[in-house]
Amino acid sequence: NIPVIDMQDFPGQAGKLMDACREWGCFRLINHGISPALMGEMKAVSRFLLDLPVEIRLRNSHSVQGKGYTPLNEASPVFEALGCYDIAAPGSLDNFFDQLCVSDPRQREIITTYLKIKHDLGMDIGRKLLQGLGLSGDLFNGWPCQLRINKYNYTPEYVGSTGAVLHTDPGFLTILQDDEIIGGLEAVCKDTGEYIHIDPMPGTLVVNLGDLAALWSNGRLWNVKHRVQCYEGSIRVSIALFVLGPKDGALGAPEELVDSEHPRLYKP
Ligand code: AKG
C-alpha cells in the first residue's frame with residue numbers, strides 16, 4: 001500500500017515524506033491533528049448537506065464549473081459534489097452556508113473548525129516540502145484552497161464500474177478524507193503502472209500531489225494518477241481540500257531547482 005507519514009514525527013519522517021512525494025505522489029497521513037470525533041462529525045454534516053433537496057443543492061452555484069455543485073451528469077452518472085472555492089477568503093464559507101441554508105451553528109462550527117485544521121495542515125505540508133527540497137519559506141501562503149464534498153451514488157448494479165475517471169489533480173496537492181468504509185480509490189504506481197488499491201484506514205487522510213507540484217518542483221515531485229472504482233453498491237462520501245495555486249496563476253520552478261542535471265521542464 002501507499003506510504004504512511006506520521007505528522008507528529010518530524011524531522012524524523014522528513015526523508016520518508018520526500019521519498020513518498022518523489023516515488024508515489026501520494027501517501028497516508030496519521031497524527032494529522034483532526035480528531036477521529038471531528039472527522040466523524042464532518043462526515044455526518046457532509047451526508048446531511050448531500051441529502052438536502054436538489055433545489056437547495058443547486059443553489060451551491062459558482063461561476064466556474066466544478067467549483068460549486070456538480071450534479072449527476074452523463075460523464076459520471078453516479079458522482080455529484082458540493083464545493084466551496086477559496087475557503088479562507090473572507091465571507092466564502094458564510095456564502096457556502098447561506099447557499100445551502102445551513103442555519104445550525106453547530107454544523108457551521110464543525111465545517112469551519114475542520115477546514116481550519118485541514119488548511120493549516122496543508123500549509124505545514126507545503127513548508128515541509130520546501131525544506132525537503134533544500135528551500136525555505138511558506139510556499140502556499142495566500143493560495144486559494146477549495147473544498148469539495150464528493151458523493152458516489154453507488155448501487156449494486158454499478159459494481160465494477162468507474163465512479164471518478166482516471167485523472168491527476170490540476171492543483172498542487174489534495175488532502176482527502178476518503179470514505180472510512182467504502183473503498184474504491186486507486187492510484188497508478190509510478191514504477192509498474194499498476195493500479196494500487198488505497199484501502200480505507202479510518203482516522204487517517206490521503207494526500208495526492210497534483211500537476212502544479214510536478215511543474216513547480218521541475219519534475220522532482222510526482223503527480224499521481226488516480227481514479228475511483230465502485231466495489232460495493234453503497235453510497236461513498238469523500239471530503240477533499242485542494243490546495244490550488246497562486247492567485248495570479250504564475251508559478252514556475254524556482255532557480256534552485258533548475259541546473260544542468262535538471263533543465264527546466266515546463267515553461268512558467
Ligand atoms: C478527487 O477529488 O480528485 C478525487 O479523486 C476523489 C477521490 C475520492 O473520492 O476518494
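All ligand and atom numbering here is 1-based and tracks the order in the structure. Values reported hereafter were calculated over all heavy atoms of this structure, with side chains retained and with hydrogens, waters and symmetry mates removed.
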Asker: Over 60° means perpendicular and under 30° means parallel, so tell me whether Tyr154 and Tyr152 are parallel, tilted or perpendicular.
Answerer: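 Ring orientation, 0 to 90° scale: tilted.
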
Asker: Do Gln177 and Tyr114 have side-chain N/O donor and acceptor atoms under 3.5 Å apart?
Answerer: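 Result is yes, a qualifying pair exists.
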
Asker: In terms of ring plane angle, is the pair Phe172 and Phe140 parallel, tilted or perpendicular, where the classes change at 30° and 60°?
Answerer: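 It falls in the perpendicular class, over 60°.
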
Asker: Heavy atoms, side chains only, cut-off 4.5 Å: are Val228 and Asn150 in contact?
Answerer: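 In short, these two side chains do not touch, never coming nearer than 4.5 Å.
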
Asker: Determine, for Tyr195 and Arg227, whether the Lys NZ or Arg CZ falls below 6.0 Å from the six-membered ring centre while staying within 45 degrees of the axis.
Answerer: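 Yes, Arg227 sits over the ring of Tyr195.
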
Asker: Select all protein residues for which some heavy-atom-to-ligand 1 distance is less than 4.0 Å, and list them by chain and number.
Answerer: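 Ligand 1 is contacted, at a heavy-atom distance under 4.0 Å, by Arg148, Asn150, Tyr152, His167, Asp169, Leu176, Leu185, His226, Val228, Arg236, Ser238, Phe242.
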
Asker: Would you say the side-chain atoms of Asp211 and Thr168 include a donor-acceptor pair closer than 3.5 Å?
Answerer: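 Checked: Asp211/Thr168 side chains pair up, N/O donor to acceptor below 3.5 Å.
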
